[in-house]
Amino acid sequence: MARRYDCSDATDRTTGLREAAAAVRRGELVVLPTDTVYGIGADAFNSEAVGDLLEAKGRGRNMPSPVLVGSPNTLHGLVTDFSEQAWELVDAFWPGALTLVARHQPSLQWDLGETRGTVAVRMPLHPVAIELLNEVGPMAVSSANLTGHPSPQDCDAAQEMLGDAVSVYLDGGPTPAAVPSSIVDVTGKVPVLLRAGALTAEQLREVVPGLEEAS
């Protein structure tokens with residue numbers, strides 16, 4: 001039976017974060033609020049849990065899960081060939097609605113799906129999410145919806161779709177917007193905007209003027 005905690009209540013929040021961290025360490029799934037939409041998350045380094053995440057969403061391995069981190073410093077252990085422009089984007093927009101696609105360290109023992117050696121990584125601007133991520137480390141997190149359905153802006157919508165496939169629901173109230181993060185590929189010499197979301201190409205070009213847009 002899934003457990004749900006109201007993060008607007010200090011006691012419930014403390015208990016919920018403790019229970020969510022324990023669930024992640026056991027290889028179970030949790031739902032957490034972010035600054036864009038609600039996410040369903042698992043330990044990024046537990047391939048069975050990540051498989052359960054994709055299955056809960058009805059999503060194939062051809063759509064690998066992004067990874068959320070609680071601090072930019074975590075990137076040092078996750079990515080390689082990270083350019084100066086990529087760090088400038090991190091400095092300007094993290095925590096926030098910017099996902100960066102980078103080459104991951106070849107030594108990492110994880111299986112996020114068919115990533116072709118890359119990882120989509122983001123630091124969300126949400127205190128509950130950051131606290132959980134700093135407690136358990138990098139998490140595979142995807143929007144908490146069934147594939148083909150709208151991304152949930154509140155915990156009710158997420159729980160309605162995912163039910164008991166998730167062990168712990170952290171209810172942080174409605175998310176600020178249903179707009180997804182913007183995605184920039186930083187694996188090449190020039191950053192490429194793959195998806196415009198909460199951040200526009202113009203905003204990103206204020207930091208990296210040479211940004212290109214995917215055709």
Side chain proximity check, Tyr169 to Tyr5, heavy atoms < 4.5 angstrom: no
Could you give all pairs that pass the ring pair (Phe, Tyr, Trp, His ring centres under 6.0 Å) test and reach residues 23-62, with sequence neighbours left out? Phe45-Trp110
Closest non-hydrogen contact found for Gln105 with Gly77 is CG-O, 3.6 Å
Run His104 and Leu78 through side chain to side chain contact (heavy atoms under 4.5 Å, CB included) and show every step you take. CA-CA 6 Å; His104 69 68; Leu78 298 183; 5.8 Å; no
Determine yes or no for a side-chain-to-main-chain donor-acceptor pair under 3.5 angstrom, with Asp171 supplying the side chain and Asp6 the backbone. no
What I want to find out is whether Lys189 reaches Glu212 closely enough, with some N-O distance under 4.0 Å, to be called a salt bridge. no
Using side chain to side chain contact (heavy atoms under 4.5 Å, CB included), reason through Val166 and Ile40 one step at a time and then give a plain yes or no. CA-CA 8 Å; Val166 171; Ile40 176 173; 3.8 Å; yes
Any Leu89 side-chain heavy atom under 4.5 Å of Leu100 side chain: yes
If you measure from CE on Met63 to CG on Leu112, what distance do you get to the nearest 0.5 Å? 14.0 Å
Just checking, is any N or O donor in the side chain of Thr36 or Ser181 under 3.5 Å from an acceptor N or O on the other one? no
Using a 4.5 Å cut-off on heavy atoms from C-beta on, say whether the side chain of Val128 contacts that of Glu131. no
Is the shortest heavy-atom distance from the side chain of Pro33 to the side chain of Leu170 under 4.5 Å? yes
Please lay out, stage by stage, how Leu194 and Val101 fare under the test side chain to side chain contact (heavy atoms under 4.5 Å, CB included). CA-CA 9 Å; Leu194 301 180; Val101 176; 4.2 Å; yes
Would you check, one step at a time, whether the test side chain to side chain contact (heavy atoms under 4.5 Å, CB included) holds for Leu29 with Leu162? CA-CA 10 Å; Leu29 305 179; Leu162 299 172; over 6 Å; no
State, with a plain yes or no, whether a side-chain heavy atom of Leu68 is found less than 4.5 Å away from one of Met123. no
Consider side chain to side chain contact (heavy atoms under 4.5 Å, CB included). Of Val69, Thr99, Val67, which one does Arg122 pass it with? Thr99
In Asp12, Asp154, Asp9, Asp156, the residue satisfying salt bridge (Lys or Arg N to Asp or Glu O under 4.0 Å) with Arg4 is Asp156
Pairs of donor and acceptor atoms involving the side chains of residues 138-146, under 3.5 Å and at least two apart or interchain, shall be tabulated with distances.
{"residue": "Ser142", "atom": "OG", "partner": "Lys57", "partner atom": "NZ", "Å": "3.4"}
{"residue": "Ser142", "atom": "OG", "partner": "Arg59", "partner atom": "NH1", "Å": "2.6"}
{"residue": "Ser143", "atom": "OG", "partner": "Lys57", "partner atom": "NZ", "Å": "3.4"}
{"residue": "Ser143", "atom": "OG", "partner": "Asn145", "partner atom": "OD1", "Å": "2.5"}
{"residue": "Asn145", "atom": "OD1", "partner": "Lys57", "partner atom": "NZ", "Å": "3.2"}
{"residue": "Asn145", "atom": "ND2", "partner": "His149", "partner atom": "O", "Å": "2.7"}

If you take all heavy atoms of Pro191 and Val184, which pair is closest and at what distance? CB-CG1, 3.8 Å
Donor-acceptor contacts, no H, no angles, side chain residues 14-24, under 3.5 Å, sequence neighbours left out:
{"residue": "Thr14", "atom": "OG1", "partner": "Ala10", "partner atom": "O", "Å": "3.0"}
{"residue": "Thr15", "atom": "OG1", "partner": "Thr11", "partner atom": "O", "Å": "3.0"}
{"residue": "Glu19", "atom": "OE1", "partner": "Arg3", "partner atom": "NH1", "Å": "2.5"}

Looking only at heavy atoms, what is the nearest atom pair of Leu193 and Arg195, with distance? CD1-O, 3.4 Å
How about Val190 and Leu211: do any of their side-chain heavy atoms sit closer than 4.5 Å? no
Salt bridge check, Asp43 against Arg26: does any charged N sit closer than 4.0 Å to a carboxylate O? no
Within 6.0 Å of CD in Glu88, more than 12 heavy atoms from elsewhere: yes
Between Pro106 and Thr80, what is the shortest heavy-atom contact and its length? CD-CG2, 4.5 Å
Considering only NZ, NE, NH1 and NH2 on the basic side and carboxylate oxygens on the acidic side, decide whether Glu135 and Arg25 come within less than 4.0 Å. yes
Do you reckon Val168 sits in the same ILVMFWY cluster as Val37, going by side-chain contacts under 4.5 Å, direct or chained? no
Flag the pair Arg13 / Pro127 as yes when at least one side-chain heavy-atom distance between them is below 4.5 Å, and no otherwise. yes
Between Trp94 (side chain only) and Leu98 (backbone N and O only), is there a donor and an acceptor less than 3.5 Å apart? yes
Is Val90 linked to Leu199 within one hydrophobic cluster, defined over Ile, Leu, Val, Met, Phe, Trp and Tyr using a side-chain heavy-atom separation of less than 4.5 Å? yes
Which atoms form the tightest heavy-atom contact between Gly58 and Thr147, and what is the distance? O-OG1, 3.5 Å
Transitive ILVMFWY side-chain link Val121 to Leu133, under 4.5 Å: no
So which atom in Thr34 and which in Gly39 form the shortest heavy-atom distance, rounded to 0.1 Å? CG2-N, 4.5 Å
Any side-chain heavy atom of Val50 sitting closer than 4.5 Å to one from Asn46? no
